[in-house]
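Remarks on the structure that follows.
So that the names make sense, note that chain A is the first sequence line, chain B the second, and so on, each numbered from 1. Small disclaimer: the values here were computed from a predicted structure and weren't measured.
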Amino acid sequence: MSESFGKGCHLHLIDGSAFIFRAFHALPPLTRKSDGLPVGAVQGFCDMLRRYIGKDHGDFAPTHIAVIFDKGSHTFRNDLYDQYKANRDEMPEDMRPQIPLTRRATEAFNIACKEVEGYEADDIIATLACQAREAGGQVTIVSSDKDLMQLVGNGVEMFDAMKNRRIDREAVEEKFGVAPERVVDVQALAGDSVDNVPGAPGIGVKTAALLINEFGTLEELLDRAEEIKQPKRRQTLIEKREQIELSKRLVLLDAHTPLDFTLDDLELRDPDPETLLGFLSEMEFRSLSKRVAEQLGAEAPVIPETSPDTAAPASDDATPEQLPFKPDDYICIRDVETLETWIGQARNRGWVAVDTETTGLNEMTADLVGVSLCVEAGSAAYIPLSHRAQGDGDLFGPGDLLPEQVSMQAALAMLKDLFEDPSVIKIGQNMKYDAKILARNGIEIAPIDDTMLMSYALNGGEHGHGMDVLSERYLSHQPIPIKDVIGTGKSQITFDLVPIADATKYAAEDADITLRLWELFKPQLHRAHVTRVYERMERPLVPVLAQMEMSGIKVDRDTLSRMSSAFSQTMAGLEAEIHELAGETFNVGSPAQVGEILFERMGLEGGKKGKNGKYSTPADVLEDLATVHDLPARILDYRQVQKLKSTYTDALQEHINPVTGRVHTSYSIAGANTGRLASTEPNLQNIPVRTEEGRRIREAFVADEGKVLVSLDYSQIELRILAHIAGIDALKEAFREGQDIHAATASEMFGVPLDEMTPEVRRQAKAINFGVIYGISGFGLARNLRIPRADAQGFIDRYFERFPGIKAYMDETTGFAKEHGRVETLFGRVIHTPEINARGPRAGFARRAAINAPIQGTAADVIRRAMVRMPGAIERFGTKAMMLLQVHDELLFEVDADVAEDLIGVAREVMEGAADPVVQLSVPLVVEAGQGPNWAAAH
DNA sequence: GACATCACG
DNA sequence: GACGTACGTGATGTCC
């Protein structure tokens, strides 16, 4: 038996969480070969422990050692302040299953592994450090966390294992500007954005240290705050006293954590080679076991290579060994016992691929028919829930529910447990669809992964991201076409009428494919450096958009209906007039016939033929012709009304959901190459606004009784981003000063003072500004402005001369695209440009798209980030505020009238700050807001 | 299903 | 020197 802890002893306390996070982020994602379990962080953790105990610590050699972990997410600090650590990101899903394994690893190393429910590791470390100090021993805290620096001094030091550097009194003083004893005072004032400790607004570490050094302690400072000379600072300290005192309680470590062990329990023990090597073998760490064995003077264990038939295809090598698809092996789950088994398997794994089958494609109206699951490549099952008889003379009449299906209610209850289990990742292809179907059945599926969005992050611009494309491209497997199952055209049936045996093959295959794609894509995300893009801007959008789509927007049918009738009359009148002018009757809605009339019968000049050999009659051509004849003008009028009627007043009514009385669009997250969303069925991102007549359509988009619609939109976001990316000082300055940007551009280009600016000159500058974003050409600008091409080219030359950064940006961007086959947004979104090295006209398109993509894409990223943060920010309004629509640079909300102004304040802050903290824009983002009873009034 | 047209940012 | 020509979308109607 050894003596108890005291003088001459040296306790080393390792901050376990810090080790895990370091290990996780320092290493590429690694999975255990035999079953795909993520173990990268465990391996890193073990290696860090190995190196630590094998290290020559000189005078600081440990006699006692422990690894300290956090336990439970709720601590006394959450009771003090509910926002404590509230803006922490969720733990990456790959990391979660590795936490218990690191505890096992610690034990395998024969190192004490300690945690106390409801206490942070920091508090336990503080308690042990104090006990050791009082007993006369020395302490080394293995961490570089600044929150622990308050403990340094009197025999306690820290050690930064990454930098291999000891942190003593002097080092702490250097960092905080005060002695370790006063570090908490400085932290209380400066606050901490990582832990969400509020502190004193406007006071950072520097100022805090200055104040503490002047007054001695925080308490003294607060008592004598009146003496501070700077008025702003004085006011802050007086007004925010409570908040500062709270902050101190949050940062002050609790050295009185109740412990069920003593310092003596932490005595250094040699690892038992058998136990440790056994654990490392189990984890299949080959080279690490070898190194450990060497260190211990033991024999390295032999770890068998996994046999191919049990190996998960976790590698993404060019030709991974591919398990064949065997549709006959798929299981049909017809009783709760079997379902229970499958759910158990999913729980054991920690993940499961999921697919829902329904009666239609519209998530708001389709009914759930069945669910498929896949836990391992090749091993998938389908759970039929509401399949019905086709009625071809069987025992069951047409439409009868078929027997031997798990009851909807029972299955949903069991699946709800699994789908809402935070420790099981649910993997889907286009999860928003399944999430909405399940939400309508009372299940809030989470956490999720989405193979469509993974592909979008990885392969954006290369190809589409539908299951068929991905399966053929990455698994060399053509999935069963849906039309083989439900047919096409008139004889098409709904999925509930598909025989269960056929449905099983189809549905289980989809889940199987999804799981295989996930295993393939998951490790690629890190390698392609798009993990953050996927985790911050694609995946979290799924629940946000699902909610928006399910909310829908109220559309007044009567308004649309009345407008539609009026349009009919107008069109009839115009049609008669057009026939009169043409001298014959023809289909005004047929561009081919219009071209024929204008350019053949009437002999007007300027007819150009399109690729189908017909005359082309787009609006700009007709506008030019309108100066010489009335007919083209009337045709334009007709087309405008026809568009408004068919696409808006008529079609929109068809989209009013009979149950909710509202219109529910659907957003494609992975549709647009640049990162923009796209709105379909109906498209609510192209509701008219530019003309007075069109804008009236927006009057039919209304708020419910007692509510208002609130619209917030980014002002000139793309030009601001261009100014930032290309580093155009003159434009940045104009934005910072809040100037009219087009007028400022014109002034800079033509030397006209702002107060002498004419609308015409400003209009030209505006066209150039937009042209630049689109990868301008002299021809295009000339056509847009209807000026001679040479003049347009002159403008562009002048623009490049005045803003040389723009030209440089364009050249650098195309150069980058040609070299790498891709461009990137400021937030790291990758947009591939496969055509950039093509020849012919396609090269021009690709070049302009490459120039535009980082600008449009960065703007898309910004609003995505705002949308992801929005639900948390507006949570305080409860059901009083709902986010309904996104229109690229605009967010539309429906809000109780009494909180509309508050909502505007909150939402504006989120939107204007959406780039932070990843990107520091050198121009401000400005959001304009409006509100009213309908969308026209809110804009 | 291709094409033309036009609605939006 | 010719070629085509502003970026990104979705819906509707005609016509084959």
Side-chain angles (χ1 to χ4, degrees), chain A residues 461 586-595 608-622 635-636 638-652 654-655 665-668 671-691 693-695 697-698 713-719 722 767-785 789 792-793 796 810 823 831 833 839-857 859-860 863 885-890 935 939:
Chain A
F586 65 100
N587 186 348
V588 187
S590 166
Q593 292 182 36
V594 168
K608 282 207 204 94
K609 291 187 176 173
K611 61 174 79 173
N612 59 6
K614 302 279 178 16
Y615 284 108
S616 171
T617 62
D620 55 344
V621 170
L622 296 192
I635 293 173
L636 282 170
Y638 179 91
R639 282 190 182 166
Q640 192 196 13
V641 179
Q642 142 102 21
K643 180 80 173 184
L644 293 177
K645 178 168 153 56
S646 66
T647 309
Y648 300 103
T649 57
D650 289 352
L652 220 38
E654 307 295 312
H655 283 286
T665 184
S666 179
Y667 289 99
S668 357
N673 280 337
T674 52
R676 275 195 180 179
L677 300 179
S679 162
T680 61
E681 279 187 301
N683 182 353
L684 296 186
Q685 289 181 323
N686 70 346
I687 303 302
V689 70
R690 289 174 185 171
T691 66
E693 302 90 318
R695 197 153 46 235
I697 304 275
R698 295 192 173 215
D713 68 287
Y714 285 107
S715 161
Q716 306 288 4
I717 186 166
E718 292 191 356
L719 272 178
L722 174 68
I768 298 169
N769 273 335
F770 279 104
V772 163
I773 291 176
Y774 299 148
I776 198 158
S777 76
F779 182 92
L781 184 66
R783 196 178 56 174
N784 187 287
L785 284 175
R789 198 174 154 177
Q793 192 55 54
I796 294 170
M810 292 178 143
V823 293
I831 296 126
T833 57
R839 297 213 317 252
R842 293 189 325 197
F845 281 112
R847 179 182 154 274
R848 292 190 296 272
I851 289 169
N852 174 259
I855 303 167
Q856 186 181 119
I863 198 165
L885 300 179
Q886 188 252 42
V887 192
H888 310 307
D889 65 358
E890 172 188 6
W935 200 359
H939 213 270

Distance, rounded to the nearest Å, where [X] contributes [atom1] and [N] contributes [atom2]:
X	N	atom1	atom2	result
A/R695	B/dC8	CZ	P	10 Å
A/Q685	B/dA7	CD	C1'	12 Å
A/K645	B/dT5	NZ	C1'	18 Å
A/Y638	B/dC6	OH	C1'	15 Å
A/E654	C/dA11	CD	C1'	14 Å
A/N673	C/dG10	CG	C1'	15 Å
A/R639	C/dT14	CZ	P	12 Å
A/Y774	B/dG9	OH	P	10 Å

Can you find a donor-acceptor N/O pair under 3.5 angstrom joining the side chain of [X] to the base of [N]?
X	N	answer
A/K611	B/dC3	no
A/R789	C/dT5	yes
A/R848	C/dG8	no
A/S777	C/dT5	yes

[X], nearest nucleotide to its side chain (from [options]):
X	options	answer
A/F845	C/dT12, C/dC7, B/dG9	C/dC7
A/P841	B/dA7, C/dA11, C/dG4	C/dG4
A/S646	C/dT12, C/dG10, B/dC6	C/dT12
A/R698	C/dT9, C/dC7, B/dC8	B/dC8
A/N686	B/dG9, C/dA11, B/dA7	B/dA7
A/K643	B/dA7, C/dG13, C/dT9	B/dA7

Remember a base hit wins even if backbone is also touched, and classify [X] as base, sugar-phosphate or nothing at under 4.0 Å, heavy atoms.
X	result
A/N587	sugar-phosphate
A/A860	nothing
A/E681	sugar-phosphate
A/I851	nothing
A/G589	sugar-phosphate
A/V772	nothing
A/A767	base

### Task
Any chance you could lay out the side chain to side chain contact (heavy atoms under 4.5 Å, CB included) test for A/W935 and A/L885, step after step, and finish with the verdict?
CA-CA 11 Å; A/W935 200 359; A/L885 300 179; 3.8 Å; yes

[X] vs [N]: side-chain N/O to OP1/OP2 distance below 4.0 Å:
X	N	value
A/R783	C/dA6	yes
A/N612	B/dA4	yes
A/S590	C/dC15	yes
A/T617	B/dT5	yes
A/T647	B/dC6	no
A/Q593	C/dC15	yes
A/R676	C/dG8	no

### Query
Is the closest side-chain heavy-atom distance between A/I768 and A/L781 below 4.5 Å?
yes

### Task
Sticking with atom C1', work out how far C/dC3 lies from B/dT5, rounded to a whole angstrom.
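Roughly 25 Å separates the two C1' atoms.
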
### Task
In whole angstrom, give me the gap between the P atoms of B/dA4 and C/dA6.
15 Å

Would you name the heavy atoms of [X] and [Y] that are closest together and state the gap between them?
X	Y	value
A/Y638	A/G589	CE2-N, 4.3 Å
A/T665	A/P682	OG1-O, 2.7 Å
A/P688	A/L644	CG-CD2, 3.6 Å

### Task
Check whether NZ of the Lys or CZ of the Arg A/R848 lies under 6.0 Å from the centre of the six-membered ring of A/F845 and within 45 degrees of that ring's axis.
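A/R848 over A/F845 ring: yes.
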
### Query
From A/T680 OG1 over to A/Q685 CD, what is the distance, rounded to the nearest 0.5 angstrom?
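The distance works out to 9.5 Å.
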
### Task
May I ask you to check whether over 12 heavy atoms, not counting those of A/Q593, lie within 6.0 Å of atom CD?
yes

### Task
Tell me which of A/G775 and A/P591 sits closer to the 5' end of DNA chain C, going by the nucleotide each one is nearest to.
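Result: A/G775.
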
### Nucleotide forming a Watson-Crick or wobble pair with C/dA2, both distances under 3.5 Å
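C/dA2 is unpaired by these criteria.
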
